[in-house]
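First the structure, in the form of structure tokens, and then the observations on it.
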Amino acid sequence: MAVWSVVKTLELEGSKRLDAEYYRPEYLKAADELEQRGATHLGELLSDIRYGIYTEPDYLDEGTDFIRALNLEELAIEGEVLKVKPAVIPSAKYLLKVGDVLIVRSGANVGNAGVVVDRFSGATFGSYTIRIRLKDSINPFVFYVFLKSKFGRLQTVRFRTGLAQPNINIPNLRLLQIMGGFPERAETEVENLVKQSH
């Protein structure tokens, strides 16, 4: 059965995207629901956002943990974490802190996300990932859970570009609509549950 979505040229978003996939009815419905609930664009909540470093990790015994796109699995940062020599890290800006959120920016798993817990504090991250560091106004663990929700996944799928190798970039991530303003008690409970699950 065919699905129709009619969008007027005046309603085109961003850089006037014309690909029909971008305007699928479920994407438009989710965006409308988020807007009605007072969602904020991620760009307003960022402390820092950056692409990872271009280097090849190795099977070293010593070094800095290196989180790759394939480590960002459905439930957590998982799998074998390789290491890099500290000399290849351009600056301390590329070292992870607890609460940083990583998202896969390219490939089959584009949009997969992981949140940094104690175990990965001080690690660095690879070029196929984007690190998101938030202002104090939003709990990063709540943001991580939001990315895993229907509303988060619909947006990361919607904003990706390319067919053979899908990508999502920083300008598009800044456009994500994010729910916030939850009671502090609820945010703390979510954070504790995420940490326990890891």
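It should be emphasised that the depicted structure is a prediction, and the values quoted were computed from it without experimental measurement.
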task = Locate the shortest heavy-atom distance separating Met179 from Ala39; write the atom from each residue and the value.
result = SD-CB, 4.0 Å
task = Go through the steps for Leu134 and Ser47 under the test side chain to side chain contact (heavy atoms under 4.5 Å, CB included), then give the verdict.
result = CA-CA 5 Å; Leu134 301 166; Ser47 167; 5.8 Å; no
Pi-cation contact, Tyr22 with Arg158 (under 6.0 Å, within 45°) = yes
request  = Give a yes or no on whether Phe143 and Leu34 share a hydrophobic cluster (residues Ile, Leu, Val, Met, Phe, Trp, Tyr; joining criterion: side-chain heavy atoms under 4.5 Å apart).
outcome  = yes
key: Phe66 and Thr55, any side-chain heavy atoms less than 4.5 Å apart   = yes
key: Single-linkage hydrophobic cluster, 4.5 Å side-chain cutoff, Ile103 and Leu154 together   = no
note = Taking every heavy atom of Asn109 against every heavy atom of Val104, the minimum-distance pair comes out as O-CB, 3.4 Å
Partner set under salt bridge (charged side-chain N to carboxylate O under 4.0 Å, His left out) for Arg50, not counting sequence neighbours = Asp48
ask   = Atom CG of Asp100 and atom CD1 of Ile49: how far apart are they, to the nearest 0.5 Å?
value = 11.0 Å
Leu42 and Arg174, any side-chain heavy atoms less than 4.5 Å apart = no
message = Between Thr124 and Tyr94 (side chain of the first, backbone of the second, donor and acceptor by atom type, cut-off under 3.5 Å), is there such a pair?
response = yes
key: Contact summary for Leu28 and Tyr23, nearest pair of heavy atoms   = CD1-O, 3.4 Å
remark   = Heavy atoms of Phe146 and Ile178 approach each other most closely as CE2-CD1, 3.6 Å
inquiry  = Between Ser137 and Leu45, is the side chain to side chain contact (heavy atoms under 4.5 Å, CB included) condition met? List the steps.
reply    = CA-CA 7 Å; Ser137 59; Leu45 304 171; 4.0 Å; yes
task = Verify side chain to side chain contact (heavy atoms under 4.5 Å, CB included) between His198 and Val115, making sure each step is shown before the conclusion.
result = CA-CA 10 Å; His198 284 69; Val115 65; 4.1 Å; yes
ask   = Going only through I, L, V, M, F, W and Y residues with side-chain contacts under 4.5 Å, is there a path from Leu175 to Val157?
value = no
message = Is any side-chain heavy atom of Ile77 closer than 4.5 Å to one of Ile67?
response = yes
request  = Inspect the surroundings of OH in Tyr128 and state if more than 12 heavy atoms from other residues, nucleotides or ligands are less than 6.0 Å away.
outcome  = no
query = Is there a donor-acceptor contact under 3.5 Å from the side chain of Gln155 to the main chain of Gln177?
reply = yes
ask   = Under a 4.5 Å cut-off applied to non-hydrogen side-chain atoms, are Val101 and Val116 in contact?
value = no
message = For Asp136, I'd like to know if atom CG has over 12 heavy atoms of other residues, nucleotides or ligands within 6.0 Å.
response = no
query = Do Gln196 and Asn192 have side-chain atoms, one donor and one acceptor, less than 3.5 Å apart?
reply = no
task = Would you check if Pro166 and Val110 make a side-chain contact, meaning some heavy-atom pair closer than 4.5 Å?
result = yes
task = Establish whether Phe151 and Leu176 are linked, either directly or via other cluster members, by ILVMFWY side-chain heavy-atom contacts under 4.5 Å.
result = yes
ask   = Do Arg105 side-chain atoms and Ser127 backbone N/O form a donor-acceptor pair below 3.5 Å?
value = yes
task = Taking atom types as modelled, find out whether Gln165 and Ser106 have a side-chain donor-acceptor pair closer than 3.5 angstrom.
result = yes
ask   = Any donor-acceptor pair under 3.5 Å linking the side chain of Glu44 with the backbone of Thr40?
value = no
query = Say you draw a straight line from CG of Leu82 to CG of Asp65; how long is it, rounded to the nearest 0.5 Å?
reply = 9.5 Å
ask   = Ignoring hydrogens and geometry, is there a side-chain-to-backbone donor-acceptor pair from Ser121 to Asp118 under 3.5 Å?
value = no
ask   = Hey, does Asn112 have a side-chain heavy atom less than 4.5 Å from the side chain of Arg153?
value = yes
Presence of salt bridge, Glu189 and Arg185, under 4.0 angstrom = no
For Gly79 against Asn71, the heavy-atom pair lying closest together = C-ND2, 3.8 Å
query = Is there a side-chain contact between Asn172 and Thr161, using heavy atoms and a 4.5 Å cut-off?
reply = yes
Heavy-atom check, side chain of Arg68 versus side chain of Phe125, under 4.5 Å = no
ask   = What are the two closest non-hydrogen atoms of Leu96 and Arg131, and how far apart are they?
value = CD2-CG, 3.5 Å
task = Please test Ile132 against Leu102 for side chain to side chain contact (heavy atoms under 4.5 Å, CB included), starting from the C-alpha separation and ending with a verdict.
result = CA-CA 6 Å; Ile132 298 169; Leu102 295 170; over 6 Å; no
query = Does the pair Lys83 and Asp58 meet the rule for a salt bridge (Lys or Arg N to Asp or Glu O under 4.0 Å), with working shown?
reply = CA-CA 6 Å; Lys83 296 187 181 295; Asp58 208 344; over 6 Å; no
query = In terms of hydrophobic clustering (I, L, V, M, F, W, Y; side-chain heavy atoms under 4.5 Å; direct or indirect links), are Tyr27 and Leu147 co-clustered?
reply = no
